[in-house]
Chemist: 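The structure under discussion is supplied below as structure tokens; questions concerning it will follow.
Positions are given from 1 along the sequence. Counting starts at 1 for both ligands and their atoms, in listed order.
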Amino acid sequence: MEENIKLMQNQLSLQLQQISNSKEFFELQAKYLGKSGEITGLMKELGKVSKEERPALGKLINSFKVWAENEFSYELKKIGKKELEEKYKSEKIDISMPSKSQKVGSLHPITLIKKEMIEIFEGLGFSMFEGPEIESDYYNFTALNVPKDHPARDMQDTFFINAEMLLRTQTSPGQIRVMEQRKPPIKVMVPGKVFRSDDDATHSPMFHQMEGLVVDKGLTVCDLYGVLDNLAKALFDKNTKTRLRPSFFPFTEPSVEVDVQCFNCSGAGCKLCKNTGWIEVLGGGMVHPNVLKNGGIDPEIYTGLALGVGMDRIAMLKYGIPNIKLLFENDIRLLKQFK
Ligand code: DAH
């Protein structure tokens, strides 16, 4: 039996060295120290040996058992550590790897122009006002010196909702709404969507305007020119040349259109400026006395200047966008260029 124990110990020693994972460990532990394991079996066999041999043999089996228990607990620690290291290794992340890039959107060109114009006007001391997109005939036309059946209504193809209500064709009704609510001096801009039954490469049924209105005592065309020139230079380039051309709007007298010297050919003439050297960018004028009156302001005391800018047109010019529809198709290839 002594021999047997020695053999068993050697065998166990070898087997312990060959263990490579905890599953094998627990199997081996059960094989030797389990209820019906080898060492437990030795204890049971002890009953069969003679009384004389029993104490020495019992001691031997016991010390073998203690040895085995120590070996197993040592091995368990080793296996545990090894498996933890393997787990860490397999879960290791490389923090120097480039991350998956988050897709970030960009501001729409119209939004960019709107923000830019607000900044320019705010720099000149203007505040913001927003009027309704569904407007009455009165604010959109009559109060702006365009009575019913006046031929000037033909300048703007209107979406009527009924005889009295319509989708505003311009941001100019904001002028009347502001004058009704505020006392001069007034310096305000009115950005917003406007609507006209018009549809080609440079016209869209919905587009965007920014209105400007100043009401104060003693304003002249020089003030008007100052604001318009400032705006054009801020929008395009500080060296941009501007010119005023006489024009007609029912709500201003005199009325002007502002041209900037073509930034594509510097005035020499090209496709963009249709060989004129100049590009029309916005309209303006001195507020018509009737309009001041309709806004509740005495034209004998106060004067006004106003301007209206098509923000879509400015975006197209500034960013070289050939067709206004591109602004409303939400094509990611166009939008991506404005990051
Ligand atoms: N409302 C005009 C339009 O849509 C633009 C405009 C021109 C506005 C002259 C003005 C102005 O305030 O003074 O065509």
Chemist: Could you tell me, atom by atom, which parts of ligand 1 come under 4.0 Å of a heavy atom of G285?
Modeler: 13 (O)

Chemist: Between K325 and H203, is there a donor-acceptor pair closer than 3.5 Å when you use the side chain of the first and the backbone of the second?
Modeler: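 Side chain of K325 to backbone of H203: a pair is present.
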
Chemist: If we ignore angles and hydrogens, is there a donor and acceptor under 3.5 Å between the side chains of S172 and E211?
Modeler: yes

Chemist: Provide the number and element of each atom of ligand 1 under 4.0 Å from a heavy atom of Q175.
Modeler: 12 (O)

Chemist: Among I113, T111, T171, D312, which residue satisfies the side-chain contact (heavy atoms from CB on, under 4.5 Å) criterion with H208?
Modeler: D312

Chemist: Check each atom of ligand 1 against the heavy atoms of S172 and keep those under 4.0 Å away; list them by number with element.
Modeler: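 What qualifies from ligand 1 is 1 (N), 8 (C).
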
Chemist: Which ligand 1 atoms, with their elements, are less than 4.0 angstrom from a heavy-atom of F249?
Modeler: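 Listed by number with element: 7 (C), 9 (C).
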
Chemist: Starting from atom 5 (C) of ligand 1, find the nearest protein heavy-atom neighbour and note its residue, name and distance.
Modeler: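 So the nearest neighbour among protein heavy atoms is G308 CA, 4.1 Å.
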
Chemist: Within the distance-only criterion (no hydrogens, no angle test), does the side chain of N140 pair as donor or acceptor with the backbone N or O of E135 below 3.5 angstrom?
Modeler: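 Side chain of N140 to backbone of E135: no pair is present.
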
Chemist: Which part of A306 is near ligand 1, with near meaning a heavy atom under 4.0 Å away: side chain, backbone, both or neither?
Modeler: both

Chemist: Using the ring of each side chain (for Trp, its six-membered ring), is F236 parallel, tilted or perpendicular to F263, with breaks at 30° and 60°?
Modeler: parallel

Chemist: Can you list the atoms of ligand 1 that are under 4.0 Å from a heavy atom of Q209?
Modeler: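 Numbered from 1, ligand 1 contributes 3 (C), 4 (O).
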
Chemist: Could you name the option among H288, R168, R196 that has the heavy atom nearest to atom 3 (C) of ligand 1?
Modeler: R196

Chemist: Counting each atom of ligand 1 from 1 as listed, which ones have a heavy atom of T252 under 4.0 Å away?
Modeler: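 With T252 as reference, the close atoms of ligand 1 come out as 13 (O).
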
Chemist: Is it the side chain (CB and beyond), the backbone, both or neither of L307 that lies under 4.0 Å from ligand 1, heavy atoms counted?
Modeler: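 It is the backbone that gets close, since no side chain atom is under 4.0 Å.
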
Chemist: Going by distance alone, is a donor N or O of one side chain under 3.5 Å from an acceptor N or O of the other, for Q15 and Y32?
Modeler: yes

Chemist: Spell out, as yes or no, whether a donor-acceptor pair under 3.5 Å connects the side chain of T303 to the backbone of L219.
Modeler: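 Yes.
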
Chemist: Report the nearest protein non-hydrogen atom to atom 12 (O) of ligand 1: residue, atom name, distance rounded to 0.1 Å.
Modeler: E211 OE2, 2.6 Å

Chemist: Go through ligand 1 atom by atom and flag the ones less than 4.0 Å from a non-hydrogen atom of Q170.
Modeler: 1 (N), 2 (C), 3 (C), 4 (O)

Chemist: Are any of the N/O atoms in T169 less than 3.5 Å from those in ligand 1?
Modeler: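 In fact, backbone or side chain, T169 has no N or O that close.
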
Chemist: Is it true that a side-chain atom of T242 and a backbone atom of D229 form a donor plus acceptor pair closer than 3.5 Å?
Modeler: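 Not a single qualifying donor-acceptor pair exists.
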
Chemist: Classify the side-chain pair S22/E83 by whether it contains a donor and acceptor separated by less than 3.5 Å.
Modeler: yes

